[in-house]
2 protein chains.
Amino acid sequence: MEGNVAQRGLPMLEPVRHERADAARNRATILAAAEALVAEHGAQCVTMDQVARAAGVGKGTLFRHFGDRCGLMRALLDERERGLQEGFIRGPAPLGPGAPARERLIAFGERMLEHIEVQGDLLVAAENGAPGERLRHSVYAAYRAHVTALLGESDYEGDVDYLADVLLGTLVSELVLFQRRERGMSQAQLKHCWGELVRTMLPDG
Amino acid sequence: MEGNVAQRGLPMLEPVRHERADAARNRATILAAAEALVAEHGAQCVTMDQVARAAGVGKGTLFRHFGDRCGLMRALLDERERGLQEGFIRGPAPLGPGAPARERLIAFGERMLEHIEVQGDLLVAAENGAPGERLRHSVYAAYRAHVTALLGESDYEGDVDYLADVLLGTLVSELVLFQRRERGMSQAQLKHCWGELVRTMLPDG
DNA sequence: GAATTATGCGGACTGTGGTCCGGATAGAGC
DNA sequence: GCTCTATCCGGACCACAGTCCGCATAATTC
């Protein structure tokens with residue numbers, strides 16, 4: 001697990017002893033097997049036993065590497081999620097720096113909606129853990145920090161931390177998928193509504 | 001289960017055959033047992049087997065009456081939740097009719113925050129079901145209809161259905177409990193932020 | 001390359017939510 | 001009261017997430 005933490009770029013106090021070669025091999029095998037199974041059956045329908053069997057690995061190995069089901073799903077999302085964050089932090093405007101905060105925020109939401117469009121079921125599976133776990137997790141913290149920073153740049157006068165939670169609540173994958181699939185809203189509509197929402201909250205720039 | 005539906009006041013096409021006496025007795029016994037267990041151990045720590053044993057009833061009975069764990073939790077919340085809805089619909093202003101839409105909306109959120117304060121864990125347990133189930137459920141639909149109606153009364157120009165989801169997303173018990181317990185926000189702070197949020201979205205009355 | 005140790009492995013095991021179905025029984029009709 | 005049937009009951013059963021621990025082995029040290 002520590003090896004994994006190191007790979008994810010999370011803070012660490014001292015060099016983590018590198019993972020044993022067989023462990024690294026197993027992690028890769030598991031991820032590949034899980035990815036294939038998810039692609040074939042959908043994230044909701046893949047069981048941990050299936051993944052273990054497909055990877056030719058014991059269940060214990062699976063859980064030691066990824067902690068729990070959500071951890072495995074997050075690991076599958078990890079690469080693409082890091083790509084997202086790159087775009088927010090260092091990518092071209094309006095997503096990245098260079099545009100006014102309001103435009104960046106709108107672009108952020110639109111990007112997230114696209115992400116949900118593609119990774120929806122996986123996101124739901126990854127967020128579907130113990131109560132509050134989603135909010136405690138570093139991915140949420142990163143998004144929140146980004147939104148909070150943008151709100152701080154703007155001339156919004158209220159509590160930016162609170163508003164960040166409000167805005168991110170709008171982009172919860174469970175909700176967005178519901179709006180898309182069961183309320184029949186198009187992605188364009190959702191993007192438009194998001195834009196209007198942000199414009200209403202941040203009237204100028 | 002149909003008997004339950006009738007009790008809850010949901011739409012029904014024709015008179016539901018009344019529930020057998022033993023079934024009604026069992027439902028009451030189960031609810032009493034569940035309430036006691038939840039009061040003692042907290043909703044998260046109560047298992048369905050425990051409830052069945054405490055009620056002196058088979059597991060099958062439990063699940064036939066309440067569908068699943070969330071259903072049982074919802075049933076425990078039911079009475080108080082109906083009280084809430086009464087207050088919104090027919091209670092005194094500013095919660096009920098008589099006040100301007102914006103004031104009613106603010107009062108609505110404050111009332112919900114108080115509800116979460118008291119029933120938090122039970123609410124989380126009740127919402128913690130299959131993905132999207134929460135949103136599909138009639139309780140959410142009722143809240144949403146109420147908020148949508150209030151927004152419709154106001155002079156808000158955007159998509160009121162979308163805004164209703166946004167506002168209700170702010171009042172998700174998982175999020176509120178996180179803000180209260182792990183972010184150290186007071187209830188007064190949350191109420192204040194909610195009020196500011198609504199005032200920002202609906203600048204005039 | 002032998003000995004030692006930390007790390008990883010596997011799969012049996014547990015706890016829990018949820019299903020199923022043979023048997024019991026309340027209530028209706030007589 | 002007797003019969004009949006729709007409804008309900010109970011608990012054995014299943015699926016799945018997650019744990020545990022004795023065994024295997026990669027890495028390290030000499």
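These values consider heavy atoms only, across backbone and side chains, with no hydrogens, waters or symmetry-generated copies.
Atom pair A:Met48:CE and C:dA12:C1' shows a separation of 17 Å (rounding to whole Å applied). Spacing between atom CD of A:Gln50 and atom C1' of D:dG18 amounts to 17 Å, rounded to whole angstrom units. A:Arg27 has its CZ atom 14 Å from the C1' atom of C:dC9, to the nearest Å. The separation between B:Arg53 atom CZ and D:dA12 atom C1' is 15 Å, rounded to whole Å. Atom pair B:Arg25:CZ and D:dT7:P shows a separation of 18 Å (rounding to whole Å applied). Distance, B:Glu133 CD to C:dG18 C1': 13 Å, rounded to whole Å. Between the CG atom of B:Asn128 and the P atom of D:dA17 there is a distance of 16 Å, rounded to whole Å.
Ring geometry for A:Tyr143 against A:Phe108 counts as perpendicular: the plane angle is over 60°, on a 0 to 90° scale with 30° as the lower cut.
Looking at the side chain of B:Asp68, the nearest of the listed nucleotides C:dG18, C:dG17, C:dG8 is C:dG18. For A:Glu19, the listed nucleotide lying nearest its side chain is C:dG8; candidates were D:dC9, D:dG18, C:dG8. Considering only the side chain of A:Phe63, D:dT19 comes nearest among C:dC9, D:dT19, D:dC16. Checked against C:dG17, D:dA17, C:dG8, the side chain of B:Asp49 finds its nearest nucleotide in C:dG17. Residue A:Thr47 has its side chain nearest to D:dC16 when only D:dC9, C:dG10, D:dC16 are considered. Distance from the side chain of B:Asp22 is smallest for D:dC9 among the nucleotides C:dG17, D:dC9, C:dG8. Of the listed nucleotides (C:dC9, C:dG27, D:dA17), C:dC9 has the atom at the smallest distance from the side chain of A:Thr61.
The residue B:Arg20 sits close to a base: some heavy atom pair falls under 4.0 Å.
Side-chain contact of B:Glu133 with B:Tyr140: a donor-acceptor pair under 3.5 Å is absent, judged by distance alone.
Each of A:Ala24 and B:Cys70 lies near DNA chain C, and the nucleotide nearest A:Ala24 is the one positioned closer to the 5' end.
In this structure, B:Asn26 does not reach the D:dC8 phosphate: none of its side-chain N or O atoms is under 4.0 Å from OP1 or OP2. Residue B:Arg64 places at least one side-chain N or O closer than 4.0 Å to OP1 or OP2 of D:dC9. For the pair A:His65 and C:dC9, the criterion of a side-chain N or O lying under 4.0 Å from OP1 or OP2 is met.
Between the base of D:dA17 and the side chain of A:Lys59 there is a donor-acceptor pair shorter than 3.5 Å.
For B:Asp121 and B:Arg180, the salt-bridge test fails: no basic side-chain N is under 4.0 Å from an acidic carboxylate O. Ion pairing between B:Arg74 and B:Glu127 fails under the 4.0 Å rule for side-chain N and carboxylate O.
Counting non-hydrogen atoms of neighbouring residues, nucleotides and ligands closer than 6.0 angstrom, the CZ atom of B:Arg80 reaches no more than 12 such neighbours.
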